[in-house]
Amino acid sequence: MTYLNSVNIDYFNPRKLIEIHGGKLPHWQQGTCPQFITFREHDSLPQTLLRAWREEKAIWLKRHPEPHTTPIRNQYHQRFTKRFEDHLDRGIGSCIMREAQHRNVLQDVLMHAHGDKVEHLAWVIMPNHVHLLCIPRLPLAELIKIWKGTSAHRISATKLWQANYRDTLIRNEAHFRRVVRYIRKNPQNLLKRDFTLWESSAVQQIQ
């Protein structure tokens with residue numbers, strides 16, 4: 001455990017129990033270990049691109065079975081995670097969240113559970129996706145269902161969010177700080193009117 005700016009942080013411990021759920025894209029959760037979560041609008045990535053990306057990733061993972069060393073894990077993130085994020089940042093699709101009124105709805109939904117069902121540390125709402133760093137106090141699937149379902153209902157969008165989401169357990173303080181910086185820098189090429197960034201007091205001093 002690390003005490004970071006008034007918040008207790010329990011980083012990922014490979015020797016402790018890990019709860020795994022989900023099918024094609026398993027989700028890991030370990031108590032109140034912080035999570036870096038990304039979910040996106042349903043049309044934010046072309047299906048042809050997604051199929052090719054998934055096929056390539058499946059082949060790579062078959063050739064590089066877990067547990068991964070740090071160099072192999074870095075190679076994975078450079079080859080797959082970064083490419084995925086780069087495509088999202090191109091702003092493909094309807095980009096409903098570009099509208100401030102829609103971002104305000106999602107912000108209200110996210111913060112309604114803050115301090116109770118989840119401890120938000122930092123998040124950014126981009127035109128077609130969302131990044132969050134948080135400490136979950138419910139199963140992730142329940143939180144995601146609340147955030148997506150309630151926001152879509154209030155915006156009156158029957159098909160707003162893509163069904164799945166990506167999550168990463170935070171391994172250590174260095175990883176934590178990298179994620180904070182990533183969230184902060186993600187919208188750097190956007191106009192201020194096109195995104196909403198929020199940070200808790202626990203992470204505002206991170207440079």
Side-chain angles (χ1 to χ4, degrees), residues 1-13 16 18-19 27-41 77 81-82 85 88-89 96-152 154-155 161 165-207:
M1 176 184 292
T2 298
Y3 195 68
L4 180 69
N5 294 350
S6 302
V7 175
N8 291 329
I9 306 292
D10 287 309
Y11 295 115
F12 173 62
N13 186 337
K16 290 186 177 180
I18 302 169
E19 298 176 19
H27 303 287
W28 287 22
Q29 189 165 358
Q30 187 179 76
T32 55
C33 176
Q35 292 268 12
F36 178 42
I37 302 167
T38 299
F39 60 94
R40 61 185 179 85
E41 293 179 17
H77 287 303
T81 306
K82 185 178 184 303
E85 303 292 353
L88 281 180
D89 290 340
I96 291 175
M97 289 297 147
R98 192 181 298 276
E99 300 295 328
Q101 62 188 30
H102 296 150
R103 295 199 306 276
N104 289 340
V105 169
L106 180 57
Q107 175 173 332
D108 288 345
V109 172
L110 293 175
M111 299 309 289
H112 180 73
H114 179 52
D116 178 22
K117 298 179 176 66
V118 64
E119 182 77 22
H120 287 300
L121 298 166
W123 50 255
V124 62
I125 304 174
M126 300 286 284
N128 65 357
H129 66 284
V130 180
H131 294 304
L132 304 103
L133 176 62
C134 66
I135 299 173
R137 294 181 179 144
L138 286 180
L140 276 184
E142 291 186 29
L143 286 171
I144 297 292
K145 184 177 180 179
I146 292 170
W147 295 336
K148 288 183 178 180
T150 306
S151 60
R154 293 183 182 176
I155 295 171
W161 302 111
Y165 60 94
R166 293 196 306 105
D167 55 280
T168 303
L169 291 165
I170 302 300
R171 298 185 299 276
N172 49 45
E173 185 169 336
H175 185 199
F176 185 96
R177 292 175 181 272
R178 284 198 302 273
V179 169
V180 170
R181 295 185 191 106
Y182 179 84
I183 290 174
R184 186 181 291 158
K185 292 179 180 179
N186 197 226
Q188 63 185 355
N189 294 322
L190 296 178
L191 298 174
K192 288 186 177 180
R193 68 189 183 201
D194 292 335
F195 70 93
T196 302
L197 173 66
W198 180 90
E199 294 183 351
S200 71
S201 59
V203 304
Q204 287 175 353
Q205 301 305 314
I206 292 178
Q207 300 297 318

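Remember, it's a predicted structure, so these values are computed and weren't measured experimentally.
Among all heavy-atom pairs drawn from Gln35 and Gln29, the shortest one is NE2-CA, 3.7 Å. Across all their heavy atoms, Met97 and Ile155 have their closest contact at CE-CD1, 3.5 Å. The shortest non-hydrogen separation linking Tyr11 to Cys33 is C-SG, 3.8 Å. Considering every non-hydrogen atom in both Glu41 and Pro127, the closest pair reads OE2-O, 2.8 Å. Scanning both residues, Val203 and Arg184, for their nearest heavy atoms gives O-NH2, 3.3 Å. Closest approach of His131 and Tyr182 over heavy atoms only: NE2-CE2, 3.7 Å.
Looking at His112 and Ile146, their side chains never come closer than 4.5 Å, going by heavy atoms from C-beta outward. Residues Ile37 and Ile144 form a side-chain contact, since some pair of their non-hydrogen atoms from C-beta on lies under 4.5 Å apart. Contact annotation: the side chain of Leu132 approaches that of His120 to within less than 4.5 Å [non-hydrogen atoms, C-beta and beyond]. Side-chain contact between Ile9 and Glu173 is absent, with no heavy-atom pair separated by less than 4.5 Å. Annotation: side chain of Thr168 is in contact with side chain of His175 (closest heavy-atom distance under 4.5 Å).
Counting only distance, with no hydrogens or angles, the side chain of Arg181 and the backbone of Gln207 share a donor-acceptor pair below 3.5 Å. With hydrogens and angles ignored, the 3.5 Å screen pairs a side-chain donor or acceptor of Asp167 with a backbone N or O of Trp28. Under a 3.5 Å cut-off, the side chain of Arg171 and the backbone N or O of Phe12 do not form any donor-acceptor pair. Using a distance-only test at 3.5 Å, with no hydrogens or angles considered, a donor-acceptor pair links the side chain of Arg103 to the main chain of Arg98.
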Quiz item: Between Ile206 and Glu199, is a side-chain contact (heavy atoms from CB on, under 4.5 Å) present by the stated rule, with each step listed?
Solution: CA-CA 10 Å; Ile206 292 178; Glu199 294 183 351; over 6 Å; no

Practice problem: Apply side-chain contact (heavy atoms from CB on, under 4.5 Å) to the pair Ile183 and Leu197, showing each step before the final yes or no. | Solution: CA-CA 8 Å; Ile183 290 174; Leu197 173 66; 3.9 Å; yes

Practice problem: Kindly determine whether Leu121 and Val180 satisfy side-chain contact (heavy atoms from CB on, under 4.5 Å), including the steps that lead there. | Solution: CA-CA 8 Å; Leu121 298 166; Val180 170; over 6 Å; no

Quiz item: Stepwise, does the side-chain contact (heavy atoms from CB on, under 4.5 Å) test hold for Phe36 with Arg178?
Solution: CA-CA 11 Å; Phe36 178 42; Arg178 284 198 302 273; over 6 Å; no

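Between Phe39 and Trp147, the ring planes lie parallel to each other; the angle is under 30°, not in the 30° to 60° tilted range.
Atom CZ of residue Arg177 and atom CD1 of residue Ile170 lie 13.0 Å apart, to the nearest 0.5 angstrom. To the nearest 0.5 Å, atom CG of residue Asp10 and atom CG of residue Leu169 are 12.0 Å apart.
Tested against Met126 for a side-chain contact (heavy atoms from CB on, under 4.5 Å), the candidates Asp194, Thr196, Thr38, Asn186 yield a single pass: Asn186.
Side-chain rings of Tyr165 and His27 approach one another, their centers coming within less than 6.0 Å. Between Trp198 and His114, the distance separating the two ring centers is shorter than 6.0 angstrom.
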